[in-house]
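Working notes for the structure below.
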Amino acid sequence: MVYGARTGVPLGLGLLLGLSITNILFTVDEITPQQCSNFDSEQPNYVDNSEHWKVHLERTISPPANSQVQSGKVARARFAATELGIREKLIVIVLGQSTLSVALNTTIGKHVPKVHVFADISRIDADMSALGNLSPYKPNGQHAHVHILNGIFNWTYHQNYDWFFILPDTTYANPFELMRFVNSINWNEPKAIGRSDSEDKCILQAGILLSNPAMQLLIQQRHLCNAIVTTSDNTAFEMCIKHVTNLSCVHTYQGHTFQWWQVKESGESDSAIHDRVQWFSSSREFNMSLTVSPLLSELDVVSLHEHFVHVEISRIDEEIAKITEEIEGHSEEIDEGPAWPVGIPSPIKPPNRYQVPIWEYFTETEIFKNEPNQNVRPLMGNDALDIREIVIAARKKVEEDFEGFDEEISDRFDKQTMEFVKLRSGYRVFNALRGMEYVVDLEYKKIPLEEAELDDEKIILKRIHLCRPIHHTKLLHEVPYVKEDTDITLVVPVESGDHVHAARSLMVRHLHLCKSESTVDTRQTRLVIAVRSITAFSVRELSDDLMELKKRCKTWTTDTALLLLRPNNELMIEAAALDEAIDHFGQQMIYVLLTPHADYQREFLDRVRINTIRRFQVFFPIPFAEFNPLIVHADQVLNKIAANRDSRNHPNEPNLQQDTAVQAEDHEVSLKLNNRESLNERLHRLNVAFPPPDPLKQIKVHKDHGLFDSNDFSMVSLYGSDYLAMRHRFEEKFAEGAKLMDLSSMFLGQNEVHMLRAIEPGLRIRYHPRMCSPDLATADLARCMLSQKQTLGTKAQLANVVFSNLEELNNS
Ligand SMILES: *[C@@H]1O[C@H](CO)[C@@H](O)[C@H](O)[C@H]1NC(C)=O
Ligand SMILES: *[C@@H]1O[C@H](CO)[C@@H](O)[C@H](O)[C@H]1NC(C)=O
Ligand SMILES: *[C@@H]1O[C@H](CO)[C@@H](O)[C@H](O)[C@H]1NC(C)=O
Ligand SMILES: *[C@@H]1O[C@H](CO)[C@@H](O)[C@H](O)[C@H]1NC(C)=O
């Protein structure tokens with residue numbers, strides 16, 4: 001919508017402008033091409049004719065009110081481009097004689113707006129007839145140009161292009177130079193550009209570039225050429241152009257020169273162009289040439305094209321290098337100094353005051369990570385390796401680059417007099433634009449040269465900034481277009497009593513969601529529960545619930561199904577469920593794998609439809625994981641008791657928190673607790689007043705009620721076909737022995753489908769005790785444990801519950 005409006009307004013304005021201009025133009029005498037031909041090529045450029053124009057404003061008689069509808073109609077040209085006089089830049093017209101024209105079409109066709117081939121019908125072979133842009137003609141005793149000019153007229157090409165480049169198929173045109181040439185000169189005067197012969201005619205062999213006014217002239221008066229009779233078609237065409245337009249051929253125009261590389265016969269047997277390209281390329285002129293001729297074989301075309309593509313690439317590389325240098329030059333003059341990578345802000349400066357990056361502090365033995373529940377960890381594993389490498393790199397940098405020390409100490413730094421002591425400390429942070437950033441402080445000590453200096457031990461501190469850059473970044477130029485009308489299948493695997501309970505709550509919520517909807521959604525949403533190793537009774541319960549759901553969920557086109565999985569406890573239930581579901585419902589659909597504890601909102605399903613793209617992207621949402629409600633509630637109760645006590649101690653201060661609810665709760669929690677009770681007892685006691693679990697109770701997305709669990713990859717949405725394409729990778733991981741926690745590793749380390757990982761507030765996980773099997777692969781186990789710990793509650797809540805001295809609270 002917004003895009004439509006944005007393009008629509010300028011387009012509409014342009015149309016209006018164009019309309020008024022055409023109205024004005026047609027009231028003036030029509031300018032015929034004959035008049036145009038009076039422009040002499042010697043005349044100064046850009047004559048301003050506007051003062052001779054008279055503008056008649058024709059006042060339309062206002063029509064009677066009942067004919068209003070008709071008056072709104074305007075005779076329109078078919079295309080806005082025609083109306084506004086917008087043309088394509090260039091057409092290349094090839095006089096085809098052999099399959100060389102096919103080679104020309106395939107090589108230069110990609111780089112110019114249009115190629116059109118005209119060929120004598122008797123010369124067209126099977127290869128040529130495959131060309132879509134071919135116009136055959138029957139000579140009937142006339143020269144080729146007669147038919148070609150007629151053809152151009154028939155196709156109205158003379159009106160639709162700024163420039164016309166005519167060449168025989170024995171000439172190669174360098175499309176890059178050609179485009180640069182026509183883009184940097186004006187087309188508004190009749191011009192014939194090329195290489196001239198002794199009679200000032202343009203030589204067709206070199207290629208002839210005609211401007212639009214010149215071509216208009218040629219087409220209007222083409223009958224003048226019908227009588228030309230000469231030895232060859234090419235000469236006849238050259239004569240025709242000269243005769244009709246009376247233009248002398250120029251090879252330099254507005255500062256740009258038409259370079260033709262004419263290959264001389266060398267007389268040797270291996271004189272073919274493709275053998276000599278290498279040799280030619282030592283000449284600068286050859287690299288800049290616009291046309292090369294004569295070609296003898298398709299191999300010539302291909303090797304020339306390859307060469308000129310290389311020339312173009314090195315030219316672009318040079319330009320990039322130049323721009324890079326310029327940017328570096330500019331950045332020297334900016335306060336922050338040169339940035340790396342060029343043009344990207346330095347890591348030290350936070351993007352704004354809300355997004356201050358949090359650095360991790362480390363020493364030689366410990367690291368302080370940004371974790372909610374643990375401050376310091378011993379430096380080991382990957383972190384230790386990482387920091388060891390960084391220190392080595394930093395030392396190398398310091399010790400090579402000793403100049404910096406000159407000012408600080410009197411003598412020159414060198415390896416003989418300075419000794420590395422230790423890493424004092426450092427910081428690191430991940431920056432998604434750049435990579436891992438480090439700041440390290442290294443301690444150096446001066447080695448005393450003589451005995452006397454022994455106690456003069458001086459520690460020198462050197463601070464180094466380092467970056468471990470991201471090497472493989474890829475810009476996504478084109479993301480496939482997605483529509484939001486896809487059907488989706490929600491797959492919920494169930495394999496225990498807890499799961500059954502959770503899945504039934506999930507169905508209650510699903511029903512609630514679709515009942516709260518007022519409009520009918522025609523997209524299909526299917527809910528599939530895949531069960532394994534649960535009791536027959538539970539199966540029946542689930543199946544009854546599903547039937548009920550299907551019956552009552554009217555606003556969503558809901559289908560439901562219960563899949564019974566084969567009892568194979570080896571295979572993860574998630575994979576087994578997806579296998580079975582895709583087998584049942586086909587590959588051309590989005591499958592959303594959910595845990596039974598999932599609690600989704602409608603927006604989540606919409607985002608699934610946008611974020612899941614066939615053969616391009618799978619979506620692993622980061623869900624909001626609910627904290628243990630018992631701990632959250634206990635913390636709230638304790639806070640209320642504390643607030644109550646405070647207000648009792650300071651009765652003069654008004655306390656808004658002291659309401660009746662608090663008093664009631666205060667009363668219910670029997671406060672005769674003692675310090676020696678177990679944590680469970682304490683939790684239990686504090687939760688006496690806790691309301692019974694309600695599947696419909698909303699989980700608040702708030703930091704005190706849960707967290708976005710970035711370790712959780714349990715839920716994914718993908719196309720069935722993408723899953724099957726990656727299934728073998730899962731098989732391979734599986735064969736390695738270790739158990740996997742989820743399907744994420746299936747999509748890691750491959751280039752075919754992207755993984756989208758994004759925070760998803762519309763997807764929550766109800767609290768449930770997480771089990772981490774010790775058989776899990778190391779990384780998975782670590783993730784599982786983190787999830788397990790972090791989803792209990794915040795550090796403050798846990799501390800409050802564990803350390804609050806209830807008795808003291810009570811007595812005071
Ligand atoms: C001719 O060139 C056009 C444009 O690049 C291309 O689409 C077409 O396939 C080419 N035709 C042949 C027969 O190669
Ligand atoms: C141009 O069009 C006319 C009439 O449609 C037709 O007779 C003639 O053969 C065409 N000429 C060419 C070269 O296509
Ligand atoms: C052709 O141009 C030349 C000068 O460029 C001029 O002298 C001559 O009169 C022109 N011929 C015609 C027929 O316009
Ligand atoms: C011409 O271009 C080729 C390919 O880029 C390059 O190797 C060669 O050095 C260039 N010649 C000159 C004279 O610049």
Side-chain angles (χ1 to χ4, degrees), residues 87-121 123-137 148 151-152 155 157 160-183 207 256-264 272-293 295 297-323 478:
R87 292 188 289 250
E88 284 275 24
K89 200 74 203 170
L90 174 76
I91 178 171
V92 175
I93 293 163
V94 179
L95 278 61
Q97 293 183 319
S98 65
T99 44
L100 278 176
S101 32
V102 180
L104 276 181
N105 175 62
T106 43
T107 51
I108 68 178
K110 287 189 200 93
H111 306 284
V112 297
K114 172 101 184 152
V115 175
H116 198 97
V117 181
F118 290 92
D120 179 346
I121 202 159
R123 288 175 177 271
I124 296 177
D125 58 15
D127 284 343
M128 277 174 86
S129 62
L131 283 172
N133 45 2
L134 174 77
S135 294
Y137 61 84
I148 291 172
I152 291 174
W155 286 93
Y157 283 156
N160 297 331
Y161 294 90
D162 284 348
W163 289 99
F164 299 81
F165 193 59
I166 305 163
L167 77 172
D169 66 3
T170 51
T171 300
Y172 172 80
N174 172 359
F176 310 107
E177 280 300 327
L178 185 60
M179 287 314 290
R180 239 191 312 279
F181 196 90
V182 295
N183 278 324
H256 296 269
T257 305
F258 188 107
Q259 300 271 9
W260 175 34
W261 186 267
Q262 193 178 10
V263 181
K264 305 265 174 355
I273 290 183
H274 60 262
D275 291 325
R276 294 202 278 163
V277 168
Q278 202 61 38
W279 185 64
F280 292 153
S281 74
S282 57
S283 151
R284 230 181 114 63
E285 271 177 17
F286 176 70
N287 278 3
M288 288 167 61
S289 53
L290 212 150
T291 51
V292 180
S293 60
L295 306 171
S297 67
E298 282 168 48
L299 203 53
D300 288 351
V301 181
V302 173
S303 56
L304 278 174
H305 190 66
E306 200 174 313
H307 173 75
F308 285 112
V309 166
H310 278 146
V311 171
E312 189 63 14
I313 290 174
S314 37
R315 188 190 166 101
I316 291 172
D317 283 345
E318 249 168 55
E319 260 169 37
I320 291 175
K322 214 172 86 195
I323 291 174
E478 286 172 14

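Read the numbers this way: they start at 1 and go in the same order the structure lists the ligands and their atoms.
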How does Asn287 reach ligand 4, by side chain, by backbone, by both or by neither, if only non-hydrogen atoms under 4.0 Å count?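 The answer is the side chain.
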Just which atoms of ligand 4 are under 4.0 Å from any heavy atom in [X]?
{"X": "Ser314", "answer": "5 (O)"}
{"X": "Arg284", "answer": "13 (C)"}
{"X": "Ser283", "answer": "13 (C)"}
{"X": "His307", "answer": "2 (O), 3 (C)"}
{"X": "Ser281", "answer": "1 (C), 8 (C), 10 (C), 11 (N), 12 (C), 13 (C)"}

Report the C-alpha distance between His305 and His310 in whole Å, list the side-chain angles of each, state the deciding distance to 0.1 Å, and finish with yes or no for ring pair (Phe, Tyr, Trp, His ring centres under 6.0 Å). CA-CA 9 Å; His305 190 66; His310 278 146; over 10 Å; no
Using ring pair (Phe, Tyr, Trp, His ring centres under 6.0 Å), reason through His116 and Phe118 one step at a time and then give a plain yes or no. CA-CA 7 Å; His116 198 97; Phe118 290 92; 4.8 Å; yes
Which label fits Tyr161 and Phe164: parallel for a plane angle under 30°, tilted from 30 to 60°, or perpendicular past 60°?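 Geometry flag for Phe164 against Tyr161: perpendicular rings.
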Relative to the ring of Phe165, is the ring of Phe258 parallel (under 30°), tilted (30 to 60°) or perpendicular (over 60°)?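 Phe258 and Phe165: tilted rings.
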What is the nearest protein non-hydrogen atom to [atom], stated with its residue, atom name and distance?
{"atom": "atom 5 (O) of ligand 1", "answer": "Gly109 C, 3.6 Å"}
{"atom": "atom 14 (O) of ligand 1", "answer": "Thr106 CG2, 3.0 Å"}
{"atom": "atom 13 (C) of ligand 4", "answer": "Ser282 O, 3.3 Å"}

With side chains defined as the heavy atoms from C-beta onward, is the minimum distance between Ser297 and His274 less than 4.5 Å?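 Yes, close enough: below the 4.5 Å cut-off.
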Flag the pair Glu88 / Asn160 as yes when at least one side-chain heavy-atom distance between them is below 4.5 Å, and no otherwise.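 Sidechains of Asn160 and Glu88: no contact.
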Ligand 1 contact on Asn105 by region, counting heavy-atom pairs under 4.0 Å: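 The answer is both, backbone and side chain.
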Is atom 2 (O) of ligand 4 close to the protein, meaning a heavy atom under 4.0 Å from it?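 Given the 4.0 Å limit, the answer for atom 2 (O) of ligand 4 is yes, a protein heavy atom qualifies.
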As a test of the contact definition, would atom 9 (O) of ligand 1 count as having a protein heavy-atom neighbour under 4.0 Å?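 There is no protein heavy atom less than 4.0 Å from atom 9 (O) of ligand 1.
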Could you tell me which atoms of ligand 1, counted from 1 in the order shown, lie closer than 4.0 angstrom to a heavy atom of Lys110?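 Contacts of ligand 1 toward Lys110, numbered from 1: 5 (O).
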Which of these, Val115, Val94, Ile91, sits in a side chain to side chain contact (heavy atoms under 4.5 Å, CB included) with Asn133?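 It is Val115; the other options fail the test.
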Can you spot which of Trp279, Tyr172, Trp260, Trp261 makes a ring pair (Phe, Tyr, Trp, His ring centres under 6.0 Å) with Phe286?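 Going through Trp279, Tyr172, Trp260, Trp261 one by one, the ring pair (Phe, Tyr, Trp, His ring centres under 6.0 Å) with Phe286 is satisfied by Trp261 alone.
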Using a strict threshold of under 4.0 Å (side-chain N to carboxylate O), is an ion pair present between Glu319 and Lys322?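 No, Lys322 and Glu319 are not salt-bridged.
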